[in-house]
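Down below is the structure, laid out as structure tokens.
Computed from a predicted structure; not experimentally measured. As the structure lists them, so they are numbered: ligands from 1, and atoms in each ligand from 1.
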Amino acid sequence: MDSRSKKSRLDSKEENIKQERQTQERLMQEKQMREKQRLTTTGALVKFLKNQFVARDGKEHRIINGVFGIFGHGNVAGLGQALEEYGGKELPFFQPKNEQSMVHSAIAFSKARRGLGTFACTTSVGPGATNLITGAATATINRLPVLLLPGDIFANRSVSPVLQQLENSSSLDMSVNDCLKPVSRFWDRINRPEQILQSLPEAMRFLSRPEMNGAVTIALPEDVQAEAFDFPLSFFEKRVYTNYRPLPTDEELKIAVQMIKSSEKPMIIAGGGVYYSDAGQALKTFVDSTHIPVAVTQAGKSINESHSEFYLGAVGVTGTMAANKIASDCDLVIVLGSRLSDFTTASKTQFRNQKVKFLSVNLNSLDASKHGAFGIVADIRSTVAALTKALGQHKISSEYEQRILEVAKQWQTIRNELTVTHDEEKRNLTQAAVIGLLNNNISPDSVIVHAAGGLPGDLHKLWKTTSDGNYHSEYGYSCMGYEIAGALGVKMADPKREVYAVLGDGSYLMLNHEIVTSIQEGIKITLILLDNNGYQCIHGLQKSCGSRSFGNEFRQRDPESQMLDGEYLKIDFILNAQSLGALTFTATNKITFIDALEKSKKSKKTCLIYIPLEKGQTLPNYSWWDVPISEESTDESVRLARKKYEEAVTKKRFFY
Ligand SMILES: Cc1ncc(C[n+]2csc(CCOP(=O)(O)OP(=O)(O)O)c2C)c(N)n1
Ligand SMILES: [Mg+2]
């Protein structure tokens with residue numbers, strides 16, 4: 001063969017290989033195209049969200065159960081269009097009346113489901129987005145998951161400034177959504193469609209892991225929302241994120257057992273983690289076996305407390321006499337799933353025993369290490385069960401047991417006296433009487449939702465939680481306005497339960513519009529509105545700080561004094577609620593309140609029970625709260641209060 005023909009044969013072989021390679025590549029591309037779908041960023045986002053699940057104890061839960069939204073130019077054509085096109089049954093849309101309240105509804109839903117699942121909240125680019133901030137902070141502080149999807153300014157900057165754009169002179173890469181950074185556990189901005197391939201799975205990790213829960217913000221520039229990309233189909237396949245229960249190590253258990261066995265006066269502080277971890281039953285078994293008493297934080301009070309006399313109720317600033325007495329003197333605090341906020345520790349004055357030690361179990365290592373605790377970063381239910389087993393027959397001493405039972409009994413007598421109803425005296429009901437009557441006259445599996453004002457403190461002290469989730473308090477942020485929106489979310493989480501928002505006139509005036517959403521959706525809740533003409537818990541606090549009365553009551557500006565100290569405002573709450581669609585009742589005594597409760601139970605539509613309160617009735621305090629008082633004042637009563645304050649501050653104890 002001459003060299004020429006040899007070369008041509010080689011050439012044709014190479015040509016064949018080349019052609020073969022090209023065919024392969026074309027087929028591969030065709031296959032890839034078949035396995036891709038051209039979608040807008042928000043179309044892909046919606047398709048992705050529909051198929052995300054979290055699994056715990058062998059049960060799967062949808063992570064995003066629907067979308068709350070208010071549209072504007074920043075989200076209507078992008079995400080709005082995508083929701084209409086792809087949302088379907090799996091991602092229903094709800095129309096709340098304020099962006100803050102939609103976050104409250106979402107996290108209340110999540111709390112009712114023990115953190116397993118939440119909602120997404122979409123807003124436009126400007127005020128809609130900044131209205132999310134309070135909701136986001138409420139979520140992150142309470143460690144509850146929510147997905148926030150605010151629209152954002154154009155990524156391509158071609159129209160800058162778009163309507164509602166903040167023009168920050170120090171950076172063009174900044175929008176109002178940057179305000180959401182400190183209140184979000186995870187924050188991202190999508191500048192190219194394909195970025196969601198990384199961003200969304202990361203967001204799901206934050207929404208599905210309890211120790212990472214909080215607000216997750218994904219800012220969506222309005223041009224990018226509408227841009228298309230060939231998304232791999234595999235991105236939309238069902239994903240299940242496992243919410244496993246990490247166990248304590250043998251070494252950790254050994255140390256914990258030793259700490260408990262060598263303690264003479266141990267007590268448990270049960271925080272929200274006990275409820276989220278569904279550890280109520282495991283805790284009961286532990287208490288039945290060891291007789292170690294339990295006190296609860298606001299979030300921890302969500303667990304059923306009706307188990308035994310070793311459950312002493314609330315601890316700390318708003319604590320019961322029994323729990324606080326035991327806490328003051330105990331030598332070991334077993335902290336289960338608590339953030340140890342200032343209310344729980346009475347601003348670091350609650351635990352007075354010189355030898356007191358802390359043993360803490362929490363999935364969140366920040367919380368586990370507080371107060372110099374021996375911290376076990378593990379699941380609470382599993383750890384409590386392991387401790388019960390490892391402790392065997394161990395019990396507290398009979399002396400200590402006697403003391404616990406004694407103070408528990410004393411407290412029950414006081415509680416019953418405090419909640420008594422003076423209906424025969426023709427006075428309005430006191431807040432404590434309302435609490436007692438409500439506790440006794442609603443079904444044990446109902447839910448009460450509260451957040452701010454004088455109610456959280458009084459409820460914490462007096463309420464008896466009759467089933468898991470029966471007590472729903474938002475007290476991480478104590479955010480006025482949470483109550484009605486929160487009740488809506490709780491009812492959505494479990495429509496079988498009767499849900500009561502218990503709130504003051506101040507909170508009602510701040511955010512009452514979700515009554516409209518409840519009517520629109522046929523989601524029935526009952527509002528118990530306690531009217532005491534203003535911000536009375538702060539008024540009380542103000543007076544206890546030596547001040548007289550300034551800016552806290554709802555009073556007319558007086559023409560002579562030019563101050564807000566004229567007549568009380570005449571606000572017709574009944575007419576207001578009726579105008580939004582609620583069925584209303586007025587209760588002025590025991591009989592009318594019970595009657596209103598019975599009628600509201602039968603109603604299919606949202607009800608409001610209006611109760612004018614007997615003002616100025618406060619409960620006894622068994623602890624202290626650090627509210628700094630003016631060091632300088634011309635007012636004698638302030639100077640006196642400051643003196644007492646300076647004494648009280650010396651009782652603070654720090655643990656490292
Ligand atoms: C959004 C918000 N603003 C302000 C406060 C401070 N604050 C706490 S309680 C309270 C008064 C609440 O009034 P109301 O709901 O009538 O309850 P009351 O104090 O009368 O029991 C205020 C202003 C808050 N917790 N949340
Ligand atoms: Mg009030």
So, are Arg557 and Asp565 salt-bridged, with charged N and O less than 4.0 Å apart?
-> no
Among protein heavy atoms, which lies nearest atom 4 (C) of ligand 1, and at what distance?
-> Met480 SD, 3.6 Å
among protein heavy atoms, the one nearest atom 21 (O) of ligand 1 is Gly454 N, 2.8 Å
Nearest non-hydrogen protein atom to atom 20 (O) of ligand 1, with distance, is Gly534 O, 2.8 Å
Would a line drawn from the ring center of His450 to the ring center of Tyr482 be shorter than 6.0 Å?
-> no
Between Tyr508 and Tyr610, is the gap from one ring center to the other below 6.0 Å?
-> no
Residues Pro612 and Thr588: closest non-hydrogen pair is CG-CG2, 4.0 Å
Is the Phe343-Tyr475 ring centre distance short of 6.0 angstrom?
-> yes
For atom 8 (C) of ligand 1, what is the nearest protein heavy atom, given as residue, atom name and distance?
-> Ile538 CD1, 3.7 Å
Here the atoms of ligand 1 under 4.0 Å from any heavy atom belonging to Gly506 are 13 (O), 14 (P), 15 (O), 16 (O)
Could a heavy atom of Gly481 be found less than 4.0 Å from some atom of ligand 1?
-> no
Answer side chain, backbone, both or neither: which part of Asp505 comes under 4.0 Å from ligand 1, heavy atoms only.
-> both
Asn304 side chain to Ser467 side chain, donor-acceptor N/O pair below 3.5 angstrom | no
Between Met510 and ligand 1, find which residue part has any heavy-atom pair under 4.0 Å and reply side chain, backbone, both or neither.
-> side chain
To the nearest 10°, what's the angle at the Mg ion (ligand 2) between atoms O (Gly534) and OD1 (Asp505)?
-> 110°
Is it true that some N/O/S atom of Asn532, main chain or side chain, lies under 2.8 Å from the Mg ion (ligand 2)?
-> yes
For atom 13 (O) of ligand 1, grab the closest protein heavy atom and report residue, atom and distance to one decimal in Å.
-> Tyr535 CD2, 3.4 Å
Does the gap between the ring centers of Phe593 and Phe585 come in under 6.0 Å?
-> no
Smallest heavy-atom separation, Ser105 atom then Ala485 atom, equals OG-O, 2.8 Å
Atoms in ligand 1 flagged as close to Cys537, the criterion being non-hydrogen separation under 4.0 Å = 9 (S), 18 (P), 19 (O)
For Phe351 against Thr344, the heavy-atom pair lying closest together | CZ-O, 4.5 Å
Name the closest protein heavy atom to atom 15 (O) of ligand 1, giving the residue it belongs to and the distance to 0.1 Å.
-> Ser507 N, 2.9 Å
Does the pair Lys601 and Glu598 meet the rule for a salt bridge (Lys or Arg N to Asp or Glu O under 4.0 Å), with working shown?
-> CA-CA 5 Å; Lys601 280 180 210 167; Glu598 291 312 315; 3.0 Å; yes
Closest protein heavy atom to atom 17 (O) of ligand 1, given as residue, atom name and distance to 0.1 Å = Gly453 CA, 3.5 Å
What are the two closest non-hydrogen atoms of Ala203 and Ile218, and how far apart are they?
-> CB-CD1, 3.8 Å
Ranked by distance from atom 25 (N) of ligand 1, the top protein heavy atom is Ser478 O, 2.8 Å
A student checking ligand 1 against Asn532 at a 4.0 Å heavy-atom cut-off should list atoms 18 (P), 20 (O), 21 (O)
Polar-atom distance check: Gln536 versus ligand 1, any N or O pair below 3.5 Å?
-> yes
